[in-house]
Structures are given as structure tokens and as C-alpha cells.
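Scroll down for the structure; my scribbles are underneath it.
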Protein chains: 8
Amino acid sequence: MEEPQVHPDTGREARTGQPEVIYGPGKTAEQILAVARDLLEAGVRPILVSRVTADQVAAFTESFPDARYHETANLLVLAPAPTRRGTVAVVAAGTSDLPVAEEAAATAAAFGLSVERVTDVGVAGVHRVLQRVPTLERMDAVIVVAGMEGALPSVVAGLVYAPVIAVPTSVGYGATFEGLAALLGMLSSCVPGVVVVNIDNGLGAAMAAHRMLSR
Amino acid sequence: MEEPQVHPDTGREARTGQPEVIYGPGKTAEQILAVARDLLEAGVRPILVSRVTADQVAAFTESFPDARYHETANLLVLAPAPTRRGTVAVVAAGTSDLPVAEEAAATAAAFGLSVERVTDVGVAGVHRVLQRVPTLERMDAVIVVAGMEGALPSVVAGLVYAPVIAVPTSVGYGATFEGLAALLGMLSSCVPGVVVVNIDNGLGAAMAAHRMLSR
Amino acid sequence: MEEPQVHPDTGREARTGQPEVIYGPGKTAEQILAVARDLLEAGVRPILVSRVTADQVAAFTESFPDARYHETANLLVLAPAPTRRGTVAVVAAGTSDLPVAEEAAATAAAFGLSVERVTDVGVAGVHRVLQRVPTLERMDAVIVVAGMEGALPSVVAGLVYAPVIAVPTSVGYGATFEGLAALLGMLSSCVPGVVVVNIDNGLGAAMAAHRMLSR
Amino acid sequence: MEEPQVHPDTGREARTGQPEVIYGPGKTAEQILAVARDLLEAGVRPILVSRVTADQVAAFTESFPDARYHETANLLVLAPAPTRRGTVAVVAAGTSDLPVAEEAAATAAAFGLSVERVTDVGVAGVHRVLQRVPTLERMDAVIVVAGMEGALPSVVAGLVYAPVIAVPTSVGYGATFEGLAALLGMLSSCVPGVVVVNIDNGLGAAMAAHRMLSR
Amino acid sequence: MEEPQVHPDTGREARTGQPEVIYGPGKTAEQILAVARDLLEAGVRPILVSRVTADQVAAFTESFPDARYHETANLLVLAPAPTRRGTVAVVAAGTSDLPVAEEAAATAAAFGLSVERVTDVGVAGVHRVLQRVPTLERMDAVIVVAGMEGALPSVVAGLVYAPVIAVPTSVGYGATFEGLAALLGMLSSCVPGVVVVNIDNGLGAAMAAHRMLSR
Amino acid sequence: MEEPQVHPDTGREARTGQPEVIYGPGKTAEQILAVARDLLEAGVRPILVSRVTADQVAAFTESFPDARYHETANLLVLAPAPTRRGTVAVVAAGTSDLPVAEEAAATAAAFGLSVERVTDVGVAGVHRVLQRVPTLERMDAVIVVAGMEGALPSVVAGLVYAPVIAVPTSVGYGATFEGLAALLGMLSSCVPGVVVVNIDNGLGAAMAAHRMLSR
Amino acid sequence: MEEPQVHPDTGREARTGQPEVIYGPGKTAEQILAVARDLLEAGVRPILVSRVTADQVAAFTESFPDARYHETANLLVLAPAPTRRGTVAVVAAGTSDLPVAEEAAATAAAFGLSVERVTDVGVAGVHRVLQRVPTLERMDAVIVVAGMEGALPSVVAGLVYAPVIAVPTSVGYGATFEGLAALLGMLSSCVPGVVVVNIDNGLGAAMAAHRMLSR
Amino acid sequence: MEEPQVHPDTGREARTGQPEVIYGPGKTAEQILAVARDLLEAGVRPILVSRVTADQVAAFTESFPDARYHETANLLVLAPAPTRRGTVAVVAAGTSDLPVAEEAAATAAAFGLSVERVTDVGVAGVHRVLQRVPTLERMDAVIVVAGMEGALPSVVAGLVYAPVIAVPTSVGYGATFEGLAALLGMLSSCVPGVVVVNIDNGLGAAMAAHRMLSR
């Protein structure tokens with residue numbers, strides 16, 4: 001029987017301004033390297049590999065010594081894009097949300113955006129986010145990362161003009177149902193205009209921000 | 001075949017300080033009247049009939065002319081308890097949450113508690129709830145009623161000492177799943193110590209407050 | 001007992017560029033009129049009332065003869081904003097998705113944006129959306145409205161640079177679970193960067209687009 | 001790229017009488033130590049770290065030799081509050097519910113409350129809880145911890161005046177769905193006034209009791 | 001095109017001691033009459049038609065003047081079986097559960113069993129069910145009907161030797177999810193040996209009891 | 001604002017052998033007529049309109065007097081295809097499943113297939129389906145329609161060579177969750193090779209059969 | 001702080017004919033031994049410990065050398081009851097269902113019942129179960145264990161007079177959702193009178209059979 | 001106690017053209033060997049063992065040296081069927097879907113069908129699947145394997161005449177809910193006639209294709 005081959009979509013960046021991202025789970029290290037080589041050869045940048053295992057990291061950084069591994073974000077970045085205009089805030093409700101927030105921050109930076117981090121501003125101490133409004137008001141887009149009840153995006157969206165991209169995280173237990181509580185809450189936000197990405201999808205939030213700032 | 005009879009728990013008030021409440025749905029007007037008469041005869045007070053139909057209201061107010069029908073709350077109250085110490089805030093995130101908030105308020109009042117209403121303080125305009133902190137700080141208990149993402153209880157619980165009783169409402173559509181989003185969010189609150197009752201259960205929230213203030 | 005009052009957040013437009021929207025369900029016509037008067041007095045515009053009943057429409061248009069009722073969108077608009085720069089495509093997968101698409105289109109227009117409609121381009125005939133790529137490439141933002149499997153946003157996002165806002169609709173039956181299939185599908189899109197709003201939330205999608213185009 | 005910092009809400013105790021609790025999962029030992037130091041420096045007490053790993057325990061007790069690790073509760077306590085008035089019963093339906101019950105008991109004790117334990121009084125032998133009514137009647141608040149069908153809070157609430165805080169546990173298998181059966185059952189209690197916290201959230205139940213007894 | 005015909009399983013009673021029951025919803029009155037005639041002709045008894053509409057009742061009682069319509073149970077019974085040995089208790093937690101309890105009682109009677117009704121013995125007043133233990137101890141089987149948290153079957157099963165058949169009802173709102181809370185609770189009962197039938201399925205519970213008493 | 005237009009996919013039949021089907025819900029009668037005219041003009045056949053309202057039927061049959069309305073199936077058929085080779089069995093577990101079965105039968109006939117109906121062969125009387133095996137063995141494809149536990153497709157697939165297309169129906173109540181029980185059961189069939197369509201989707205099953213018989 | 005003690009319900013056997021069963025998960029080996037000693041001392045028999053770990057087995061069999069460990073069932077049995085009248089069939093649909101079936105068989109035997117095993121009679125080969133009807137007809141009760149679509153109980157219940165106790169198993173993947181498909185299917189059985197226990201609850205099924213045969 | 005025996009359905013191939021497949025999980029290596037021997041002895045072919053562990057593979061290949069283990073598919077094949085007419089495309093949306101796609105491909109080959117692999121044609125780059133239409137048009141059946149939003153089957157079914165069998169995979173995270181998003185999407189396809197098998201069920205898809213091509 002013939003062996004299945006991997007065929008990345010090397011033209012996606014030309015069509016959409018954003019390359020195909022390599023999703024680590026379920027792929028062998030060899031498949032990841034093959035896809036990365038195809039993309040690199042086609043001039044695509046940046047090259048991102050998300051949710052990687054230690055083995056995948058080792059194989060990748062050996063083949064591509066210029067690759068940077070972001071440990072908190074668990075993300076490999078190769079050939080980052082040059083710096084461009086646009087600043088994105090990555091707001092994290094709590095310390096446990098940082099891996100997802102860092103995935104967003106590292107992805108945004110890989111696309112050339114400037115990143116401003118705002119951490120530990122959960123709604124239990126709402127004055128903390130209010131103190132950061134001057135910072136948030138300067139942003140071109142705001143990514144808000146929150147687990148548990150996921151209430152922070154509504155609060156932020158009631159305070160600033162910029163587009164607010166909500167990222168539910170799987171932080172919590174029991175009735176959070178691995179991010180479902182935050183996801184439903186963000187989709188049900190009483191502030192129309194909040195947009196939502198998948199649970200723990202910091203990467204997607206950053207790429208959404210990049211689209212918004214690419215016009 | 002013998003006919004089934006209704007047998008209210010006339011001793012519950014003596015055991016717990018709170019009488020059996022008559023839940024309207026699925027009961028005939030005759031059954032409701034029979035239960036109310038048994039309770040009244042046993043000296044139980046107050047007598048509450050919740051989630052009533054127009055027919056049930058008509059039959060009840062005809063038999064008990066002293067009964068008061070709270071229209072927004074859709075609640076019948078007979079033989080309210082005498083005024084007692086204790087003030088409860090009933091905080092409603094939005095105007096659409098008022099039926100549930102009024103069920104809480106009318107129930108608390110029927111148990112002799114003083115009620116302070118705080119309305120339209122949703123998290124989209126978080127300064128509004130901050131302006132009401134002086135009022136909330138005076139309360140013995142705070143009932144917070146919110147639909148959609150149900151974020152308000154976390155914000156309130158981060159601002160006051162009093163016990164916070166969260167009531168999710170079925171206000172919203174789509175991913176609110178008839179109150180599920182708010183319910184899960186309140187249970188997942190990042191402020192430990194928030195307690196939660198069933199969706200749209202203003203009555204239960206008021207009775208919980210009454211228990212807390214009965215020591 | 002005191003009566004609960006309605007208190008709209010008249011300052012939200014100043015903070016965020018977007019006013020509080022009046023959500024019709026669960027409000028009396030009187031409450032809607034009171035909120036609208038408060039907003040109008042505070043100089044807020046546009047004023048939108050969504051998901052209205054025939055009674056609410058009648059009361060509103062009698063009090064505000066300048067109000068326009070969008071029948072397909074089931075939306076009342078008063079005091080639309082002046083035309084501003086920015087063109088949004090509202091893409092509808094099928095004819096049954098039109099009420100949600102029209103809610104998006106009417107809202108975007110009420111905020112002063114230009115709207116381009118693209119209809120009946122479901123993924124069952126993928127050449128149809130390909131034929132519209134030249135139109136979509138000119139857009140500043142693309143709202144994609146789809147029920148059933150909700151696959152269209154992924155296809156569109158793989159074809160254009162603009163931000164793609166996905167709106168799942170409750171069109172379908174059985175395993176669509178009133179929009180859940182489309183919602184989960186859009187959140188799980190293989191194109192990172194697609195952002196999602198609540199089921200049937202055309203209004204929120206348009207307001208998200210407005211935020212993106214307000215920088 | 002700058003590194004994200006942790007910023008605990010050191011003022012929460014002043015606002016609410018209860019400090020921020022450190023939730024262990026997803027945090028590095030370093031982050032936990034940093035937060036604990038900030039809280040300690042700000043004079044906050046007690047300091048609680050919940051759901052800890054062996055590594056977190058080792059690092060914490062090395063840095064804070066006065067810390068006490070409650071093994072059954074899997075909870076670290078530092079700087080407990082002085083004893084105050086108020087006695088809380090922690091009622092556990094079965095032996096498998098003890099970890100959650102002990103989390104509640106250790107938390108309540110850390111806040112200075114007296115704790116009375118009542119164990120193995122599940123509804124399968126309802127006389128057992130009846131025998132404990134004299135004890136329960138003396139309590140200022142009753143925390144009821146139960147898994148499987150989670151029926152015990154309704155029974156207890158029908159027997160005593162004190163506020164009843166229900167804690168569903170994830171004990172069971174199959175149709176318990178990791179605590180969902182108990183959670184839904186407790187929210188649906190036929191005794192209005194029962195309040196509920198998240199699945200396995202003994203800590204939150206104790207903090208709710210502390211709020212109730214702080215007036 | 002040929003028309004589809006209805007073909008009842010006239011031999012089921014011979015194989016299992018229980019006839020095919022006619023489930024009303026989705027059938028025309030004509031189809032119900034045709035099935036009933038086929039069963040009657042084959043000597044099957046009793047003939048039961050469940051969950052009937054007013055039109056179906058009218059057509060059925062006109063064609064079969066001996067049929068009895070049980071209004072609370074919403075059940076038609078024709079040709080009841082002769083009285084046989086065996087007594088079944090039908091225990092209802094609350095008044096709102098009576099329609100389901102009566103469906104169980106009427107079905108059991110139609111199969112020739114004696115029925116003992118025990119009503120209003122919900123777990124909120126657990127002494128009430130304890131008072132009925134002498135009655136329950138005389139039974140050959142006990143059907144326990146309960147909505148909301150559905151806790152009663154566990155309590156009863158901890159008190160008697162007889163088989164306990166639990167029937168969850170859709171009584172309640174919000175987190176009861178139309179009987180789901182009671183269903184999951186009954187399946188998760190801490191008393192192994194409780195058996196469960198579908199939500200609101202009083203008929204099935206009675207037929208299960210009949211099977212148990214047919215040996 | 002420009003009005004949205006309807007644009008059916010008139011080329012789908014040429015590409016796939018099957019035309020776009022008009023899904024009635026959410027469309028105005030005018031929209032349905034417009035789509036039907038476009039399809040008719042393009043020479044597409046058959047034209048099917050599913051899940052229609054009385055108003056839609058009236059408008060359609062007035063405009064297209066040749067249209068046939070299948071009442072049990074609630075389906076409009078215009079311009080049926082000529083008879084072709086291939087016979088499909090439509091097997092219905094119970095009488096309440098007939099509307100879905102008839103939708104399958106009428107659709108298959110509209111595509112020119114011969115249809116054999118097998119009704120009332122539910123698994124409670126498994127000998128009934130065994131008696132029909134000689135019929136089923138002659139079929140080119142077998143559509144099995146069943147609600148409740150949806151077990152019939154597994155039994156049929158264990159008896160014949162032909163492809164088995166399972167159609168779950170929403171017949172039942174409580175734990176059937178409007179067809180979810182049957183859907184999950186059919187997907188989990190212990191006979192690998194059973195294929196499944198959406199709940200109540202008789203039309204889709206017939207079109208799947210048509211694809212299978214078109215080679 | 002005082003240590004929580006374990007207090008088994010030693011009187012349950014006297015009240016119900018069935019002792020408290022020791023559920024292994026979440027208990028220490030010491031707690032299990034303590035409970036077993038209390039039960040043994042009170043003369044309770046049999047003593048069952050379910051879902052045990054290797055450590056629990058080792059500690060138990062060391063303390064109680066007479067205990068028997070059933071490996072497939074993962075069940076410890078001590079002091080089995082004397083043989084009594086009554087034969088139960090344990091019917092397993094497939095080989096993967098055997099652990100649950102053996103839990104049922106070993107439990108029934110521990111209560112003194114005779115057990116007849118019928119294996120590999122899944123509905124994919126329905127003749128296999130038909131061949132076993134003579135055996136099944138002799139039984140006093142029939143326990144039917146099935147995973148995946150869980151269809152076997154309906155087929156069996158349509159063939160025999162005896163009570164049928166359905167046990168869904170978590171065998172399968174994907175849409176079986178760890179036994180949910182089988183559970184919902186069994187609850188939705190088209191044969192009224194089938195009773196159901198929790199997923200994988202072979203023990204409960206056997207104890208239900210024991211109750212049925214104890215009259 | 002007698003030991004339970006395994007009894008495969010050796011006659012299934014004669015009845016249906018397809019043998020019983022051995023599902024690995026929950027079976028001992030000995031049970032698998034016993035079943036395989038029984039099937040082999042009865043002349044059944046091919047013999048497939050799915051979802052195997054390393055131990056099962058080792059034991060199987062030792063006993064049956066002719067067996068072939070497909071690593072990506074995690075499938076054992078013994079005694080493949082001779083080549084027959086019919087070509088099936090196995091289309092995989094992404095590289096992470098390959099294990100499921102290979103299970104389909106290896107199964108189809110074991111039944112004697114020719115297999116054409118089409119990989120990496122996800123809807124994010126819809127031109128890629130369009131380029132493969134000439135290949136797909138030659139196929140007798142098309143199996144489409146996709147995770148995440150699972151949109152590919154709708155696109156393919158809108159392009160070809162052949163029957164389309166959709167296989168959702170558990171690829172993805174968060175709101176994919178382990179394949180639920182793709183499953184619901186495929187069931188809700190806007191192309192009527194797409195048929196669906198269980199999540200990750202490549203084997204079932206291939207056997208469905210084999211049934212379709214066996215006429």
C-alpha cells in the first residue's frame with residue numbers, strides 16, 4: 001500500500017496573509033519537520049508549531065537551530081515576521097491563565113505585533129482592571145484570557161473602544177467543565193461585540209488580532 | 001380506585017423556621033387551595049404560591065381575599081410574617097432579570113425582612129455597581145440576580161463582606177442555554193464563598209437569606 | 001414596596017463608542033420606552049431594540065415616529081449614526097439564515113458602515129463563494145452567517161485577508177441542536193483567527209465589526 | 001519579551017474580610033511562593049493554597065516552616081486567623097466524601113471558626129442523620145458534603161434552622177458524571193433555601209459559612 | 001404508492017405475559033383504533049393507550065364504550081386483567097408528581113395488581129416517609145415517583161426489603177432539566193439495587209412491578 | 001438598503017446527480033416559489049420542498065398545480081424523476097415512526113427508485129423482522145427508521161448484505177431526548193458498517209440510497 | 001483537629017435484607033478494613049468491596065484470609081450468604097462486557113443465588129439470543145449487560161416473562177460517550193417494564209435481582 | 001463458578017458478507033486469540049482486530065505469523081479477502097486525521113477493495129479539494145475523514161456523484177469535545193445524502209463502503 005504524504009497549504013499566506021499553522025498533536029516529529037520544510041521553502045513566515053511534545057521540540061530545534069521554543073506557551077516559532085504597526089494587549093485574569101495568554105503573546109509577536117501584558121486583573125478585584133484602563137485605551141486590540149466564570153471580557157469591553165477578543169481557558173474544576181463555563185459565558189456576554197475563540201486558543205486570538213490590524 | 005390526597009408538611013416551619021412553599025405548576029387550583037387551607041389551619045406563615053397561572057390566581061384570591069398577588073414576581077403571598085431585623089439587597093444585572101429579582105424581593109418581604117433594590121448594574125458598566133458599594137456595605141445579605149454570562153456575583157463578592165447569594169436567570173438566547181451559562185459561571189466564580197441557587201429561583205435565594213439572618 | 005426602576009448605562013457610548021442596546025425579551029413596552037428616552041436624552045446614538053414583539057414595535061413606533069422597523073431582522077433602529085468609512089460584507093450560507101444576516105446588516109448600517117450582501121453561498125456549492133472572492137477581497141471585515149454544519153466561515157477565512165466574524169444560526173433540526181452544531185464547528189475551525197459570536201447574534205457580529213473599524 | 005508577573009489582590013481581605021486564596025493547579029511553585037510572600041507582606045491572613053502537588057507542598061513548607069499541610073484535604077494553611085465565634089458542622093454523606101469535607105473543615109478552622117464533624121450519615125440509613133439532629137440544631141451553619149445522588153442536603157435542610165450549604169462531590173461513576181448528578185440534584189432541592197457551591201469545593205463552602213457568620 | 005399499514009405485535013402477551021402498549025403521540029386516532037382492534041381480536045388484555053389527546057380519547061371511547069379514561073394519568077384502559085395476587089405501593093414525593101404516579105397506579109390495576117397510594121412524603125420532611133414504613137413493609141414492590149432532586153427512592157430503599165422501582169418526573173425547572181436531575185440522581189443512588197425507568201414513565205414502572213410479581 | 005435575493009445552486013444536479021432540496025422552515029412562501037422557479041427553469045428535477053407549513057403548501061400547489069403534497073411525509077414533490085433501476089426498503093420500527101419513513105419513501109420515489117415498505121417490526125418482537133428477511137434480502141439498500149432506543153438497524157444489519165442506512169427519529173420522551181438516544185445508539189452500533197443520518201431525516205436517507213444506487 | 005471516623009450502617013441488612021456495600025474508590029485500605037470489621041462484628045453478610053485497587057486487595061486478603069477476590073469482576077467477597085432459592089441469568093452482549101457481567105454474577109452468588117451465564121449474544125446475530133430462549137425462560141430474573149448501542153435488553157424483554165434488569169456498560173468509543181448511548185437506549189426501551197441501573201453497575205443489578213427474589 | 005466463554009458469531013459473514021470484527025479494548029490477548037481461531041476455523045475472512053495494545057499485537061503476531069499489523073491504523077489483519085471490483089477514496093482533511101484514515105484504508109484493502117488516498121485537503125484551502133475532483137469523480141465511494149469543524153464531507157458531497165461516508169475524528173481540543181463538533185456538523189450537513197459513522201470509526205466507514213459495492 002502507498003504511504004500517505006503530508007501536503008501543507010503553502011499558498012495560504014498569499015491568499016490570507018496568514019500561513020498554515022502546524023498543530024502538534026497526532027503528528028509524528030517527521031511529519032512536522034516535513035511540513036515545516038515545505039512551508040519554509042515556499043517562503044512562508046512565520047512558522048508556528050503549537051501544543052508540542054518534548055520529542056517534537058527536540059527534533060525541531062535540532063533541525064532548525066534558529067527556532068525559538070516558548071516554554072510557558074508550549075509553542076515553537078521559526079522565521080518570525082518583521083515588526084509591523086499595531087499593539088495588542090494580552091490581558092490574563094489569573095496566574096493559571098498564563099500559558100494560554102503567553103501562547104497569544106508569542107503568536108502576536110511572531111506576526112510582528114507589539115504586545116502589552118496585563119496580568120492578574122480578575123473580576124474579584126475589579127479596581128485592578130480599572131487601574132489599567134489608560135493602558136488598555138492605547139491598544140489597537142485587546143485579547144482577554146480568563147478561565148472559571150470567564151467574566152473579564154465583558155468588563156473590559158465595557159471600558160474600551162478597541163475590539164475585544166475573548167479566550168476562555170480550561171482553568172478550574174467541577175462546573176467549569178474544562179472551559180465550557182467560561183466559553184458559554186463569553187458567548188453570552190451582555191456586551192454585544194465581544195468575539196470569542198476556542199477554549200485555550202491563545203494562538204487563534206492572536207491571529208484574529210493580526211487580521212484586524214492588517215487592513 | 002381511591003383518589004390521591006394532598007398532605008402538606010405542616011410541621012416544617014416548626015422544624016426549620018420556614019414553611020413548605022406551594023409550587024404552582026402541575027397542581028390543580030383545588031389542590032393548591034387544599035394545601036393552603038391545611039397550612040393556614042396549622043398556623044403556618046407566610047403562605048407562598050409560586051409560578052402561578054391566571055386560573056390559580058383567580059381561585060386563590062377568591063378564596064383568600066387577603067392574599068396579595070405580585071404580578072412581576074408571579075407570586076401569591078398570604079399571611080406575611082411580621083417585620084424582623086435584617087436587610088437584604090436584591091441586585092439585578094438588567095431589566096430583563098426583574099421578574100426573578102422581584103420574586104426574591106417579595107419573598108424576603110413576606111418573611112419580614114427589609115429589602116433594598118439595586119437594579120441595572122450589569123458588568124458592562126462596572127462603575128455603576130461601584131457607585132452602589134456604600135449601599136451594599138450596609139446589607140446583611142446580598143442576592144445577586146443575573147442572566148447571560150452571570151458575572152455580577154463575582155464582582156459584588158469582591159467588594160463586600162456580606163454573604164452573596166447568586167441567582168442565575170434564563171435571560172438570553174443561544175449559548176446561554178436558558179440559564180446554563182450563568183449557572184455554570186456562578187458555580188465557577190473566582191471568588192470562593194459565592195453560593196448559588198437554581199436558575200430563576202428568586203424565591204429560594206430569599207429563603208436562603210432568611211436562614212442566614214435567623215440566627 | 002417600592003417599584004424597581006430602569007437605569008440604562010447612558011455613558012457606555014462615551015467609554016466604548018457603542019451604546020447600550022435594548023434587548024426586547026422580558027421587558028414591557030413601557031420599560032423599553034423609558035430606556036430609549038433616557039438614552040436619547042443623553043445624546044446616545046444609534047438606539048437599537050432587538051428581538052421585539054409586535055406590541056413593542058407598535059408602542060415604539062408610535063412614540064418615536066422616526067424609528068425604522070426592519071422586519072426580516074426584527075429590529076428597531078432610531079437615530080442611526082452618520083455614514084462613516086468602512087465596508088462590511090454580510091455573507092449568508094442559505095436563505096433560511098437571512099433573518100440573522102439582516103440583523104447584522106441593519107445593525108452595521110445603523111452604525112454608519114456600508115454593507116455588502118452576499119447570499120446563498122453555502123459550502124454545498126463551493127464555486128459560488130469562490131466567484132464572490134473579488135467582492136470579499138475589497139471588504140474591511142466579513143461577517144459569515146451559517147446554520148446547520150456552519151462550515152462557511154472556515155472556507156471564507158481561507159480565502160481573504162479581512163477579519164472573519166462567524167455567526168452560527170439555529171437553522172436546522174435534530175443534531176443541529178438549535179445552533180450548537182454550527183457554534184461548535186465555528187469555534188473548532190481549522191483556520192485559526194476566525195472569531196465567533198453567540199448563536200443567531202447578527203447584532204453582536206455587526207458591533208464587533210464596528211469596533212474593528214473604529215480605530 | 002518581558003516576563004509576566006504575578007500580582008495578587010492584596011486588598012481583598014480589607015474589602016471583603018476574606019483574602020485571595022491561591023489555587024494550585026497550573027501555577028509553578030515559584031509563582032505560588034511569590035503570591036504567598038506578597039500576601040504575607042500585606043498582612044493578609046489566613047493564607048491558603050488549595051489542590052497542591054507534592055512539589056508545591058515541599059517548596060512551600062521549606063519556605064514557610066510554620067505552614068501546615070492537611071493531607072486529606074490536600075490544602076496548605078499559613079497564618080491561620082484567631083479563633084472567633086461561630087460553629088460550623090461539616091456533614092459528610094460517606095467515607096469517600098471525606099477529602100472534600102476535610103477541605104471544608106480545615107478552611108473553616110483556618111478562618112477561626114469551630115468545626116463539628118458529622119460523618120457517614122448518607123440517606124440510605126436516614127435514622128443516622130436523625131440521631132444527629134440535636135448536634136445540628138446547635139450549629140450556626142451546616143455544610144453538607146455528598147456525592148452520588150447528593151440527596152443529603154435536602155434531608156438536613158428539612159430538619160434544622162441553620163443555613164445549609166450543599167457541596168456536591170465527584171464521588172461515584174457512570175451517571176454521576178463526576179459530580180453532575182449531585183450538583184443538579186442539590187440545585188433542584190425540594191427545600192427552597194439550600195445554597196450550592198461548585199463540585200468538590202469544600203473550601204468555597206467554608207468561606208461562604210465564614211461570610212454568613214461575619215455579620 | 002401503497003399506504004403503510006399498522007401491524008401490532010399480537011403475540012407479545014403470549015411470549016412475555018405483557019401485551020404491546022399503544023403509545024399515543026404521533027399516531028392518528030384511526031391508527032390507534034386499528035391497533036386496538038387487532039389486539040382485542042387476538043384476545044390480548046389489558047389494552048392500554050398512553051399519553052392520549054382529547055381527540056384520541058373521544059374516538060376511542062366512542063368505539064369502545066367499555067374503555068375507561070383515567071384523567072390524571074391521561075391513560076385509556078380497555079379489558080383490564082382479572083385481579084391477581086400482589087400489592088404495589090405507588091409512592092409520590094409531591095403533589096405535582098401525581099400524574100405520573102397515577103399512570104403507574106392505573107396501569108398496575110389494569111394488570112390486576114392491588115395498589116396502595118402513599119403521597120406527599122418528600123425528603124424535606126423525612127419523618128413522613130418513616131411514618132409510612134409499616135405500610136411499605138407489607139408491599140411486594142414499591143414504585144417511588146419523584147421529581148426535582150429525586151432523592152426519595154434512596155431513602156425508601158434504605159428502609160424496606162421489597163424491590164424499589166424509581167420513576168423520575170419532569171417536575172421542576174432550571175437545573176432539573178426536565179427530569180434529568182432526578183434521573184441521574186436515581187441512577188447514582190447510594191443504595192445499590194434501586195432500579196430506574198424513564199422520566200415520567202409511570203406505566204413502565206407498573207409493568208416492571210408486574211413482571212416481578214408474575215413468577 | 002438593497003433587498004437580499006435568493007440564489008439556488010442550479011448546477012448541483014449536474015455536479016452530483018442530486019438537486020438542491022428546498023428546506024421549508026424559515027423561508028417565506030415567496031422565497032420558496034422563487035427558488036422552485038429558478039430550479040425548474042434550469043431543468044432540475046425532482047424539486048422537493050420539505051417540512052412545509054400549510055401556507056407554503058397552499059401557495060406552492062396554487063403556483064404549481066402538478067405538485068404533489070405527501071401529507072404524512074409533509075413533503076412537496078414537483079417534477080419527479082423517471083423510474084430507474086433499484087429498490088429500497090423503508091423499514092419502520094413503529095407506527096409513530098411513519099412520518100419519517102414516509103418522507104424517505106416519498107423522496108426515494110421522487111428520484112425514480114422503487115420502494116418496499118416494511119412496518120411495525122420493532123425489536124420488542126424480533127421474530128417479526130426475521131419473517132421479513134426474504135424481502136429484505138432482495139433489496140439494493142435498506143433504510144431503517146426507528147425512535148426510542150433505535151436498536152433496529154443493528155438487528156437488520158446483522159441479517160442482510162445490503163447497505164443499511166439508519167434514521168433515528170424523535171419519537172419518545174424523557175431520556176430519548178428528542179432522538180438523541182436513538183442517534184447515539186445507531187452511531188454506536190455493534191455492527192460496523194451501519195451508516196447514520198440526522199434525526200428525523202428521512203429525506204437524507206433516501207438521497208443517500210439514491211447515491212449508492214447511481215453507480 | 002479531631003480525625004474523622006468511619007461509621008458503617010450496620011443495621012441496613014436488618015432493615016432491607018441487604019448490607020451496606022463498601023465502595024472502594026476514594027477510601028484508604030485502613031478505612032475499608034475498619035468498615036469491614038464493623039460489619040463483620042455486627043454479623044452482616046455478605047461483605048462486598050467493589051472497584052478495588054491492588055493495594056486494597058492485598059491489605060484486605062491479608063486481614064481476611066477467607067476473602068475471595070474475583071479478578072474479572074474486580075470485587076472482594078467475604079462471608080457469602082448461604083445458598084437460597086432463585087436463579088438469575090447474567091446475559092452479556094459481547095466479550096468486552098464480561099467484567100461488568102462478572103461483577104453481577106459474583107454479587108448474585110455472594111447473596112446465595114444461582115447464576116446462569118449467557119455470553120456473546122449481541123443483537124448483530126439475533127438468532128444467538130433466540131437459541132437461548134429455553135434457558136432464559138427458566139430464569140427468575142434476567143440481568144442483561146450491554147455496551148455500545150445497548151439494544152439487547154429490549155430484545156430479551158420481548159421474549160421472556162421474567163423481570164429484565166438492564167446494565168449499560170462503558171464499552172465502546174466516540175458517540176457511546178462512555179456508556180451514555182447504552183444508558184439512554186435502555187431507558188428509552190420500546191418494551192415498557194425494562195428497568196435500568198447505572199453504567200457498569202453489575203453489582204447493583206444483582207442486588208436488584210436479589211430484592212425481587214426475596215419475597 | 002463456571003468461567004465465561006467467548007462465542008464469536010461465525011455465521012455473520014454468510015448472512016451479511018461481512019465477518020464479526022474483533023474489538024480489542026477490554027479483551028485479554030487470550031480472548032482475542034480464541035475468537036480469531038474460531039473465526040479462522042469457520043472459514044471467515046478477513047479477520048480484523050481493531051484498537052489493539054502492544055501486548056495484543058505481540059501475542060497475535062506470534063500465534064498468526066501471517067497477520068499484518070498496520071501501525072498508523074493500529075489494526076491487525078489476517079487472511080485478507082481477494083481483490084474485487086470497486087475503488088474507494090479515503091480523503092483526509094489534515095495530517096492529524098491520518099490514523100483514522102489509515103484504519104479506513106487498511107480495512108477497505110482487507111476486504112479486497114482498491115483504495116485511493118487523498119490527503120491534506122481541508123476546507124481552509126478549498127482549491128486543494130477542487131484540484132482532486134477528477135480523481136474523486138472516478139471513485140465508487142468516497143470516505144471523508146475530518147476532525148475539528150468536520151466541514152469537508154459537505155464540500156465533497158457537493159462535487160461528486162458517489163456516495164459520501166463521513167467520519168468525524170477526535171482531532172482538536174476545547175469546543176471540538178473530542179469529535180462531537182465534527183460529528184454534529186456532519187449529521188447537520190447542508191447536503192442531504194451524506195451518511196455518517198461514529199467518531200474515529202474508519203473501520204466502519206470502510207465496511208459501509210464494502211456493503212455499497214457488494215451488490
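In what follows, chains carry the letters A, B, and so on, assigned in the order in which the sequence lines appear, proteins first and then strands, with residues in each chain numbered from 1.
Salt-bridge formation is not detected for the pair D:E13/D:R45: no Lys NZ or Arg NE/NH1/NH2 atom is positioned less than 4.0 Å from an Asp or Glu carboxylate oxygen. Between D:D140 and D:R85, none of the side-chain N atoms (NZ, or NE/NH1/NH2) sits under 4.0 Å from a carboxylate O, so this pair counts as no salt bridge.
Most heavy-atom pairs under 4.5 Å with chain B: of the set D:P163, D:A162, D:A206, this distinction falls to D:P163. Most heavy-atom pairs under 4.5 Å with chain B: of the set D:A157, D:A205, D:A209, this distinction falls to D:A157.
The shortest side-chain heavy-atom distance between B:T107 and B:L48 falls under the 4.5 Å cut-off. Within the 4.5 Å cutoff, the side chain of B:T169 has no heavy atoms near those of the B:I199 side chain.
Interface remark: D:V194 contributes backbone atoms only to the contact with chain B (heavy atom separation under 4.5 Å). Heavy-atom distances place no part of D:L184 under 4.5 Å from chain B, backbone and side chain included. Contact of D:V196 with chain B is made through backbone and side chain together, with heavy-atom distances under 4.5 Å. For D:Q18, the part lying under 4.5 angstrom from a heavy atom of chain B is the side chain only.
Listed for the D:Q56 side chain is a donor-acceptor partner under 3.5 Å among the backbone atoms of D:T53.
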